[in-house]
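These figures come from a predicted structure and were not determined experimentally.
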Amino acid sequence: MTSEKTRGRAGVVVVSTQAATDASLDRTGPTIAAWFRERGFTVAEPTIVPDGGAIAETVTAELLADARVVVTTGGTGVTPTDRTPEAVAPLIDLELPGLVEEIRRRGLAGAGPTALLTRGVAGIAGGRTLVLTLPGSRGGVADGLAVLDGVLDHVLAQLHGAGHAPRSAS
């Protein structure tokens with residue numbers, strides 16, 4: 001545990017009908033929460049909602065609780081109840097499609113063609129919170145966190161007044 005000041009709040013929302021009935025079945029939410037904690041964020045245990053459930057309301061609650069980042073996992077596929085992108089997209093004011101494109105590209109290299117079926121969204125909500133929807137698979141979450149790791153500090157600096165970080169001379 002670090003004694004440094006927290007970097008702010010992060011929210012984790014798991015969208016899974018199975019995990020909603022038995023939290024021990026959640027294999028991705030704790031991974032995302034631990035990832036945020038390792039980077040100095042304050043994060044509660046993941047909130048679990050069933051597929052097609054109160055996804056928008058749960059993400060909105062995270063936004064109202066001043067989360068700097070909200071990541072969902074699950075509900076981005078093509079089953080009849082996979083509706084996370086449809087629930088989250090209306091909350092986003094500024095889309096960042098490149099994040100989802102890169103996650104999908106990495107998934108294609110690892111998991112193969114089924115990665116093309118993920119329908120995630122990413123962007124800024126309320127002018128201050130980065131929101132990202134990840135697949136419910138462990139591989140999809142690993143790919144998503146690897147992509148997020150490369151841009152998170154820059155995005156948060158821009159959102160919270162730091163503007164563009166100067167490049168160091170090579």
Taken in chain and number order and not counting sequence neighbours, the residues that satisfy salt bridge (charged side-chain N to carboxylate O under 4.0 Å, His left out) with Glu45 are Arg37
Can you sort out the partners of Arg39 under salt bridge (charged side-chain N to carboxylate O under 4.0 Å, His left out), two or more places apart, ordered by chain and number?
Asp149
Test side-chain contact (heavy atoms from CB on, under 4.5 Å) applied to Thr17 - qualifying residues, sequence neighbours left out
Pro50, Asp51
Other members of the hydrophobic cluster containing Val49, with the 4.5 Å side-chain heavy-atom rule, please.
Val13, Val15, Ile55, Val59, Leu63, Val70, Val88, Leu91, Ile92, Val121, Val131
Residue pairs meeting salt bridge (charged side-chain N to carboxylate O under 4.0 Å, His left out), one or both in residues 53-65, sequence neighbours left out, come to Arg9-Glu62
Does any part of the side chain of Leu148, heavy atoms only, come nearer than 4.5 Å to the side chain of Phe36, both counted from C-beta?
yes
Hey, are the side chains of Val12 and Thr72 touching, using non-hydrogen atoms and a 4.5 Å cut-off?
no
For the residue pair Thr42 / Thr6, report whether a side-chain donor-acceptor contact shorter than 3.5 Å exists.
yes
Contacts of Asp26 meeting side chain to side chain donor-acceptor pair (under 3.5 Å) (sequence neighbours excluded), chain-then-number -> none
With sequence neighbours excluded, residues passing side-chain contact (heavy atoms from CB on, under 4.5 Å) with Arg106:
Glu102, Asp143, Ala146, Val147
For Asp93, the salt bridge (charged side-chain N to carboxylate O under 4.0 Å, His left out) test, sequence neighbours excluded, returns none
Arg128: partners by side-chain contact (heavy atoms from CB on, under 4.5 Å), with sequence neighbours left out
Asp66, His160
Same cluster for Leu25 and Val14 if Ile/Leu/Val/Met/Phe/Trp/Tyr side chains link at under 4.5 Å?
no
Residue set satisfying salt bridge (charged side-chain N to carboxylate O under 4.0 Å, His left out) with Arg68, at least two apart, ordered chain then number -> none
Considering residues at least two apart in sequence or located in another chain, which fulfil the side-chain contact (heavy atoms from CB on, under 4.5 Å) criterion with Asp153?
Arg7
Testing Ile103, Thr84, Val100, Leu99 one by one against Leu134 for a side-chain contact (heavy atoms from CB on, under 4.5 Å), which residue passes?
Ile103
What pairs of residues pass the side chain to side chain donor-acceptor pair (under 3.5 Å) test when at least one of them lies in residues 109-126, not counting sequence neighbours?
Thr76-Thr118, Glu86-Arg119
